[in-house]
Amino acid sequence: MRNALPVLTVVGVIIVIWYIAAIWMNSTWALQMAERLGREMGFTDLVVATMTQDRPLVAAPHQVVVALWDGVFGHAVTSKRSFVYHGFVTLEATLWGFALGIVIGVGLAIAIVHSRAVDMSVMPWAVISQTVPIVALAPMIVVVANAVGVEDRLLPKAIISAYLSFFPVLVSMVSGLRAPNQMQLDLLKTYGANRSQVFWKLRLPASLPYFFASLKVAIAASLIGAIVGELPTGAINGLGARMLIGSQFGQPLIMWAALFGAAILAGILIIVVGAIQRAADRRMGVAR
Amino acid sequence: MTTETVISAQDLSLTFETNDGPVNALKDVSLEVERGDFVSFIGPSGCGKTTFLRVMADLESPSAGDIEVNGTSPADARKSRAYGYVFQAAGLYPWRTIGGNIRLPLEIMGYDRAEQARRVNSVLELVDLAGFEKKFPWQLSGGMQQRASIARALAFDADLLLMDEPFGALDEIVRDHLNEQLLSLWEKTNKTICFVTHSIPEAVYLSTRIVVMSPRPGRITDVIESPLPRDRPLDIRDTPEFLEVAHRVREGLRAGHSYED
């Protein structure tokens, strides 16, 4: 509970600022409407008018909550209007991308740590890959996937997601696999251990804390990748598609709700990864 | 008697190339260590005592001279697992239990599970850590961790124990206790021990021979055969014989100008 108080305080402050912003941003339209109808508007009327618009510039928090509630519980989970349905579509791409990112990140890290040539040749490209704007790359990946005959959107989305998530895993694993100090390496040398024994007995276990720490960043990056994969690519399913449709077809409340739905999904994923991390720490005797 | 010589170094030199020019870590070092000896290497920092130990262990390669361990090259001795090495820090893997840490060399060397368990039990008993097998390193004190690391070096059948300031980071009281235990362990196991230290009382108390070294270049200035009996209670350190050996070690260190800086 001691941890909850500061968090709740910040949430409270944000909500207050948010309401003030909503009143401020939406008042122009409300005042215009009142003027057109030739009506005088008191402050209370104005506040009410800024919070009940169908197409607000800034949706008020309670409007977002209602839209989110309706999106999650107001429809059958198989309905195209259900956030559960769209959330699942995004989640599926996120998890595939996450898994792919882990495999690529760990695989490259192992190669980099064991071969100087790979280190010199691959590492700079890995860094450069993250400077390419993913929004520009995403449509190309979708188009190429389509051109080679992949009908399903899951694969290109997973690739975009992995493109973002492999990097934190790679960087952490390179550090982690190099974490053993000279003394620990010397010790294994005195046992006449071979390279694979050094890897399995020392480098890999030593890297696990780094690995689990990177997963939290990677899962968030995966989700962003999956959503970006749904935004500029003409997708109609997924939270990213909901955001785009909401903004383009004059349903800002759906856009806001999808945005917060994605944030909540990210929060849940990070909590799950955190729980896995703690369980692993306990298993490894690191947690005290 | 050649078969009884465990370590034989002839005119051993080792030069490290550094940015400030070459450093003579070892210069023309010659020494023989016989089976069953407890040899201490003492000297100020930079005298090459640790480097010498690392050369024996094939963790460094000499630039000139010859060295044999068990009648073969250090590399072959290392590959045939001829020695156990104890570092200055215990260096236990934090993700393994004490038992798991001791099992580490046994797993690498391919002992079967039953044999691993048997050996872990017996060495834990030897270093007085029975019952701590399932504990993790952070649950043990520094002295206990260092004992566990000694147990790890004893777990496989190496007759030679190379110890690099194993008790350097521990306080005086714990160190006394561990010195006593190490002597009784040496008695029980009949190992040959090479022991690096910079504590004069520790070197004199433990050793059958004390090798005094001095820096720039790293070399041996004196080799002292200890007249003390093998059986040594802690209070032997108050006897005239002990003080006389300690005095000679101090003289040797002074002759090497080791106190000048």
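All chains are named by letter (A, B, ...) in the order of the sequence lines, taking the proteins before the strands, and each is independently numbered beginning at 1.
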Task: From A:Gln184 atom CD to B:Leu92 atom CG, the distance as rounded to the nearest 0.5 Å - done: 10.0 Å
Open item on the list: Looking at every heavy atom in both B:Trp95 and A:Lys201, which two are closest together, and how far apart are they?
Closed with: CZ2-O, 3.8 Å
Open item on the list: Heavy-atom cut-off 4.5 Å, strictly under: side chain, backbone, both or neither for B:Ala77 against chain A?
Closed with: neither
Task: Partner chain A: residue of B:Gln88, B:Glu107, B:Gln139, B:Arg96 with the largest heavy-atom pair count (under 4.5 Å) - done: B:Glu107
Task: Rounded distance (nearest 0.5 Å) linking atom OH of A:Tyr191 with atom CZ of B:Phe156 - done: 5.5 Å
Open item on the list: On a heavy-atom basis, which atom in B:Ile108 and which in A:Gln197 lie closest, and how many Å separate them?
Closed with: O-NE2, 3.1 Å
TODO: Answer yes or no: are there more than 12 heavy-atom neighbours, outside A:Trp96 itself, under 6.0 Å from its atom CH2?
DONE: no
- [ ] Apply side chain to side chain contact (heavy atoms under 4.5 Å, CB included) to B:Tyr85 and A:Asp186, showing your working.
- [x] CA-CA 9 Å; B:Tyr85 200 104; A:Asp186 280 347; over 6 Å; no
Open item on the list: I'd like to know whether B:Arg81 forms a side chain to side chain contact (heavy atoms under 4.5 Å, CB included) with A:Thr190, so could you lay out the CA-CA distance, the side-chain angles of the two residues, the decisive distance to 0.1 Å, and finally the verdict.
Closed with: CA-CA 7 Å; B:Arg81 284 113 188 203; A:Thr190 69; over 6 Å; no
Task: More than 12 heavy atoms from other groups under 6.0 Å of CD on B:Glu115 - done: yes
- [ ] Answer yes or no: does atom NZ of A:Lys189 have more than 12 heavy-atom neighbours from other residues, nucleotides or ligands under 6.0 Å?
- [x] yes
- [ ] Output the option from B:Arg54, B:Arg78, B:Lys79 having the highest count of non-hydrogen pairs under 4.5 Å with chain A.
- [x] B:Arg78
- [ ] Determine, step by step, whether A:Leu188 and B:Leu104 satisfy the side chain to side chain contact (heavy atoms under 4.5 Å, CB included) criterion, reporting the C-alpha distance in whole Å, the side-chain angles of both residues, the deciding distance to 0.1 Å, and the verdict.
- [x] CA-CA 9 Å; A:Leu188 287 185; B:Leu104 176 71; 4.1 Å; yes
Open item on the list: Heavy-atom pairs under 4.5 Å with chain B - which of A:Gly192, A:Pro180, A:Pro205, A:Ala206 has more of them than the others?
Closed with: A:Pro205
